[in-house]
Amino acid sequence: MTDIKRRILITNDDGIDSDGIARLAQAAKEFGEVWVVAPAHQRSAASHCITLREPIDVYPHDFPVKGVHAYSCSGTPADCVRVGGLSVMPAKPDVVLSGINFGYNVATDIQYSATAGAAFEAAFQGYIAIALSEHMNGCHEVTDAYLADILKEYIDVRLGHGRIVNVNFPGCPLSGFKGILRDRKTSHDSLFHDHYNVIGELENGGLRYMIEGVHNEQAEEGTDFRAVVENYISIGIVSNVG
C-alpha cells in the first residue's frame, strides 16, 4: 500500500479540542489521508462502551491541522470508530490511531481506558489499531521526537482480531530518555491505588462517595508500567476478546 492511498482515522478520549489529537493528526499526515472523528467532550475511562439507545450526533469541526477532515461526535471513543469508519468516511479506514492520550495507558488501567477501547473497537472492525499515550506533565519532547518513527514502524502491522499496538511515551526531557522497549508485558499493578471517601450523607441512609487514588510507581520488571517509570518508550501488543 502506498502512503497516498492509506486512509487514517484518528480518535481520542480527551475530546476533539485536545492538544494530543492535533499533534497526532499533524504527524499522521505524512502517512496518508487523515480523518478525525472524536468526542465533543472529555470521555476518559469510558472503556469500550458504545451507544445503543440514544442517537449519535456528528458535526463538522474546525481543526488546527490543515487538510484534515474533522468531526466532533456526541458518543464515546468506540462510537467514534464505529460511526467514523462505517458512515462518516467515504470508505473504511486502513488504520485507526487513538490518542495521543493525556496520561499513561499501561498496566491494569488499560481495561478502563477509552483510548484503548477505541483501538480495540478498530481491531474488531478489522482495521490496524494503535493506541498512543503520554505522561500528564506536559513535557512532549520524547513524544514529538519519536512519534513519526513509531508510526512508520507500526502503521501497516496487522495483528488480528482483538489485538492492538499500545504505545506509551515518558514525560522526561530528551536528555533523560533511555530508549525504546518493545514487546512489553502488561503490568498487573496500576498507576493509582484507589479507595473511596465518604463526602456526604444522603436521605434514607445513603452515602455519597468520591474516588481518591494514591500514586504508585512500583511495577514488575519487563512491563509497560516499569518501562515508562524508567523513562523508556513502552511498546506492547495487547489483546482483548479473542
Side-chain angles (χ1 to χ4, degrees), residues 6-29 31-52 54-65 67-105 109-134 143 147 150-151 154-155 159 162-169 238 240:
R6 192 187 286 114
R7 294 179 299 276
I8 302 169
L9 173 60
I10 297 180
T11 193
N12 71 350
D13 68 5
D14 293 319
I16 194 166
D17 293 318
S18 74
D19 170 72
I21 198 169
R23 289 163 47 231
L24 180 55
Q26 182 66 55
K29 284 178 60 179
F31 302 97
E33 182 182 66
V34 176
W35 294 71
V36 169
V37 181
H41 307 290
Q42 170 64 250
R43 298 303 295 263
S44 292
S47 189
H48 199 153
C49 178
I50 62 172
T51 302
L52 295 178
E54 298 176 1
I56 296 173
D57 300 330
V58 177
Y59 289 94
H61 193 86
D62 289 336
F63 199 73
V65 181
V68 170
H69 310 277
Y71 297 83
S72 67
C73 175
S74 64
T76 67
D79 285 329
C80 293
V81 172
R82 292 170 64 86
V83 73
L86 298 175
S87 296
V88 176
M89 297 176 66
K92 291 183 178 181
D94 302 297
V95 183
V96 172
L97 307 177
S98 185
I100 303 166
N101 190 65
F102 182 62
Y104 293 142
N105 281 306
D109 294 340
I110 292 172
Q111 67 185 322
Y112 307 111
S113 165
T115 301
F120 282 126
E121 179 59 39
F124 293 161
Q125 293 290 335
Y127 316 139
I128 295 169
I130 307 174
L132 303 107
S133 306
E134 64 184 354
T143 308
L147 177 58
I150 288 174
L151 290 178
Y154 288 96
I155 203 163
L159 298 172
R163 305 182 75 203
I164 67 172
V165 178
N166 189 41
V167 182
N168 283 271
F169 297 92
V238 182
N240 197 338

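Keep in mind that what you see is a predicted model, and the values were worked out from it rather than measured.
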State whether the side chain of Arg163 and the backbone N or O of Ala129 hold a donor-acceptor pair below 3.5 Å, judged by distance alone. no
Under the 3.5 angstrom rule, does the side chain of Thr11 hit a backbone N or O of Val81 as a donor-acceptor pair? no
If we only count heavy atoms from C-beta on, is the Asn105 to Tyr112 side-chain gap below 4.5 Å? no
Do Phe63 and Val36 touch side chain to side chain, with heavy atoms closer than 4.5 Å? yes
Test item: Ile10 and Val96 side chains (from C-beta on) under 4.5 Å apart, heavy atoms: no
Using the side chain to side chain contact (heavy atoms under 4.5 Å, CB included) criterion, which residues pair with His48? Sequence neighbours excluded. Ala78, Phe120, Glu121, Phe124, Asn240
Could you check if a side-chain atom of Ser113 sits within less than 4.5 angstrom of a side-chain atom of Tyr104, using non-hydrogen atoms only? no
Taking the side chain as C-beta and beyond, is there a heavy-atom pair between Asp94 and Tyr127 under 4.5 Å? no
Any donor and acceptor pair, going by atom type alone, linking the side chain of Ser18 with main-chain N or O of Gly15 inside 3.5 Å? yes
Least distance between heavy atoms, Ala27 atom then Leu151 atom: CB-CD1, 4.1 Å
Between Arg7 (side chain) and Lys92 (backbone), is there a donor-acceptor pair under 3.5 Å? yes
Do the side chains of Pro39 and Ser72 get nearer than 4.5 Å, heavy atoms only? no
